Amino acid sequence: MSTVADPDALFASLCSEVGFCLHEKGQKRVLEALPKGLDAAMRAVLAAEGVDEPNAPGDLKKAVRDCIKAHLQPGA
């Protein structure tokens, strides 16, 4: 089960690094998706931004996944 050490830092990074500044409801969906894995959390970010995940560029999906991964607690 994956958990984020500091959710505020995660969402600040998603906003500044990837350009996805999620509203509170979107943030909640991402945190709820995290236990299902990085891909589920990435899909939740894209859905919150209105991005069609199957048609999203691979580099965008990788950037979102990498940003989330950087904020996971070690050993979680």
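It should be emphasised that the depicted structure is a prediction, and the values quoted were computed from it without experimental measurement.
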Side chain proximity check, [X] to [Y], heavy atoms < 4.5 angstrom:
X: L31; Y: P7; result: yes
X: V30; Y: F20; result: no
X: R65; Y: D39; result: yes
X: L34; Y: I68; result: yes

Could you check whether any side-chain N or O of E53 sits under 3.5 Å from a backbone N or O of R43, counting only pairs where one atom can act as donor and the other as acceptor? no

I would like to know whether L72 and L38 meet side chain to side chain contact (heavy atoms under 4.5 Å, CB included); could you show each step before the answer? CA-CA 10 Å; L72 294 180; L38 278 174; 4.1 Å; yes

Between the CG atom in L14 and the CE atom in M42, the distance rounded to the nearest 0.5 Å is 12.0 Å

Go through V45 and V18 one step at a time and tell me if the side chain to side chain contact (heavy atoms under 4.5 Å, CB included) criterion holds. CA-CA 11 Å; V45 169; V18 189; over 6 Å; no

Quick check: closest heavy atoms across S13 and C67, and the distance to 0.1 Å? CB-SG, 3.6 Å

Looking only at heavy atoms, what is the nearest atom pair of L46 and K61, with distance? CD1-CG, 3.9 Å

Candidate pair D6 and F11, rule side chain to side chain contact (heavy atoms under 4.5 Å, CB included), full reasoning: CA-CA 9 Å; D6 183 351; F11 295 118; over 6 Å; no

N-O pairing of E24 and K28 below 4.0 Å: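 Looking at E24 and K28, the cut-off is not met.
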
By side chain to side chain donor-acceptor pair (under 3.5 Å), which residues pair with D8, not counting sequence neighbours?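 Once residues adjacent in sequence are excluded, D8 has no partner under the side chain to side chain donor-acceptor pair (under 3.5 Å) criterion.
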
Test of understanding: with salt bridge (charged side-chain N to carboxylate O under 4.0 Å, His left out), list the residues that count as partners of K62, not counting sequence neighbours.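 Once residues adjacent in sequence are excluded, the partners of K62 under the salt bridge (charged side-chain N to carboxylate O under 4.0 Å, His left out) criterion are D66.
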
Report the C-alpha distance between V4 and Q73 in whole Å, list the side-chain angles of each, state the deciding distance to 0.1 Å, and finish with yes or no for side chain to side chain contact (heavy atoms under 4.5 Å, CB included). CA-CA 6 Å; V4 174; Q73 287 183 319; over 6 Å; no

